[in-house]
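Both counts, for ligands and for their atoms, begin at 1 and track the order of listing. Quantities reported herein were computed from a predicted structural model and do not represent experimental measurements.
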Amino acid sequence: MRKTILDCDTVTLDEENGALVIVDQTQLPNRIEMLSLTNIEDIWEAIYLLKVRGAPAIGVSAAIGVYLAMKDIQTEDMGLFMKRFKKAKEYLATSRPTAVNLFWALDRMEAVAYKHGEGSVEEVKEALHQEAVRIREEDIEVCRRIGEHALSLVQPQAGLLTHCNAGKLAAVKYGTATAPMYLGQEKGYGFHIYVDETRPLLQGARLTAFELQSAGMDVTLICDNMVGAVMKKGLIDAVFVGCDRVAANGDTANKIGTSVVAAVAHYYGIPVYVCAPTSTIDMALSCGAEIPIEERSGDEITEMWYEKRMAPQGVKVYNPCFDVTDHELITGIVTEYGVVQEPYEESFQKIFQKAIL
Ligand SMILES: CSC[C@H]1O[C@H](OP(=O)(O)O)[C@H](O)[C@@H]1O
């Protein structure tokens, strides 16, 4: 049976070879190529170059990466070990600035290291190993639960629109925005899914359309500038998007163009749902203006995915990788604990209190 992208683990730990194994997403959809990364520099570069991308997948990669960086260190000096750990953690934290899951996962790994700090270095290494595996496994359950809550918001045969890739290729199995789509497919909901190509790196065209088509779903690929026409035509009943960081007031950073989708949907009275694992909610930021927005090389805009130039030499370029959708444009934020609505800060606090209990 030919392997499809759905048979490939987006991100996993190869215990036998001590490697982070990822699908090289820069080669999709033309080639399914797995990369086996054993050193922290290659893992950093894979995150930076979007060979592995998407907030949850970035978090899992960093957790596995920092474990791999520490597992072969030969010392019984805990102070030296923790010094080396912090160096590895801080290095991986420089790979990309917006997806809070990167920092959330690294902080979780650090907390586990300190929690076991009274033991031996070998015990800390094993604790890091178990936590990295746990972070990966938790994502599957968290996204499935997001899918179940999101599915309750739409009817069979609904027209859904999504932007960028918040799918299996951005996480471990279900994805976030695509979780209701995968669960709907399992239950025969027959969704009609419209996917924005998502310039400049085309995560929608290259990744979302690819994975959902591979799953046998009804997928229609559109250019980003067609969202208004598709919504005006009455083809969209709901928008589901992912997120890279949600501020305490519900303002959400997601792929550039998401705020446009939300504004147009708002104009046409179409609900916009952000699918957000609580690991992507950053209560330390009061509003979206505080979210760091990654800017990337202008080449991503002037070169058609590094194949041929499509803009004049020397043209000035601005390439913010994300934008912030104001909470007023968001109908609901779907977490693994349920659908949250305004006032978001109060709702998030209730969720986090429940999660702690
Ligand atoms: C489920 S998080 C996916 C999120 O990450 C993407 O950004 P990038 O492809 O640059 O990592 C995009 O914002 C997606 O919504």
A.B. asks: Need the ligand 1 atom indices (1-based, order shown) with element for anything under 4.0 Å from a heavy-atom of Thr176.
C.D. replies: 1 (C)

A.B. asks: Out of curiosity, is Asn165 lining ligand 1, as in a heavy atom under 4.0 Å away?
C.D. replies: yes

A.B. asks: Could you check whether the rings of Tyr344 and His327 sit parallel, tilted or perpendicular, using 30° and 60° as the cut-offs?
C.D. replies: perpendicular

A.B. asks: Are Asp251 and Arg245 close enough for a salt bridge, meaning some N to O gap below 4.0 Å?
C.D. replies: no

A.B. asks: Between His163 and ligand 1, does any nitrogen or oxygen pair lie at a separation below 3.5 Å?
C.D. replies: no

A.B. asks: Would you tell me which option among Arg53, Arg296, Lys255 has the nearest heavy-atom contact to atom 10 (O) of ligand 1?
C.D. replies: Lys255

A.B. asks: Within the 4.0 Å heavy-atom shell around Ala170, which atoms of ligand 1 are there?
C.D. replies: 1 (C), 3 (C)

A.B. asks: Output the list of atoms in ligand 1 that are nearer than 4.0 Å to some heavy atom of Cys243, sorted by atom number.
C.D. replies: 2 (S)

A.B. asks: Within 45° of the axis and under 6.0 Å from the centre of the six-membered ring of Phe322, does NZ or CZ of Lys255 qualify?
C.D. replies: yes

A.B. asks: If you draw the axis of the six-membered ring of Tyr48, does the NZ or CZ of Arg96 fall within 45° of it and under 6.0 Å from the ring centre?
C.D. replies: no

A.B. asks: Near Arg96, which atoms of ligand 1 are under 4.0 Å from a heavy atom of that residue?
C.D. replies: 8 (P), 10 (O), 11 (O)

A.B. asks: Under a 4.0 angstrom heavy-atom cut-off, which atoms of ligand 1 come close to Ala55?
C.D. replies: 2 (S), 3 (C), 5 (O)

A.B. asks: Salt-bridged, Asp107 to Lys89, with N to O below 4.0 Å?
C.D. replies: yes

A.B. asks: With a cut-off of 4.0 Å, which atoms of ligand 1 are near a heavy atom of Gln203?
C.D. replies: 8 (P), 9 (O), 10 (O)

A.B. asks: Return the closest protein heavy atom for atom 4 (C) of ligand 1 as residue, atom name and distance.
C.D. replies: Asp244 OD1, 3.5 Å

A.B. asks: Would you mind checking if Glu131 and Arg134 are paired as a salt bridge, meaning a charged N to carboxylate O distance below 4.0 Å?
C.D. replies: yes

A.B. asks: Please confirm whether Arg144 makes a cation-pi placement over Tyr182, using NZ or CZ under 6.0 Å from the six-membered ring centre and within 45° of the ring normal.
C.D. replies: no

A.B. asks: Considering the heavy atoms of Asn254, write down every atom of ligand 1 situated less than 4.0 Å from one of them.
C.D. replies: 4 (C), 12 (C), 13 (O), 14 (C), 15 (O)

A.B. asks: Under the 3.5 angstrom rule, does the side chain of Arg206 hit a backbone N or O of Leu28 as a donor-acceptor pair?
C.D. replies: yes

A.B. asks: Quick one: which ligand 1 atoms are inside 4.0 Å of a heavy atom on Ala166?
C.D. replies: 1 (C), 3 (C)

A.B. asks: Is the closest heavy atom of Val241 to ligand 1 under 4.0 Å?
C.D. replies: no

A.B. asks: Look at atom 12 (C) of ligand 1 and say which protein heavy atom is nearest, naming residue and atom and giving the distance to 0.1 Å.
C.D. replies: Cys164 SG, 3.4 Å

A.B. asks: Can you tell whether the side chains of Asp224 and Arg199 come within less than 4.0 Å, N to carboxylate O?
C.D. replies: no

A.B. asks: Check for a donor-acceptor pair, side chain of Asp326 on one end and backbone N or O of Glu328 on the other, with a separation under 3.5 Å.
C.D. replies: no

A.B. asks: Mind checking whether Gly54 has an N or O less than 3.5 Å away from an N or O of ligand 1?
C.D. replies: yes

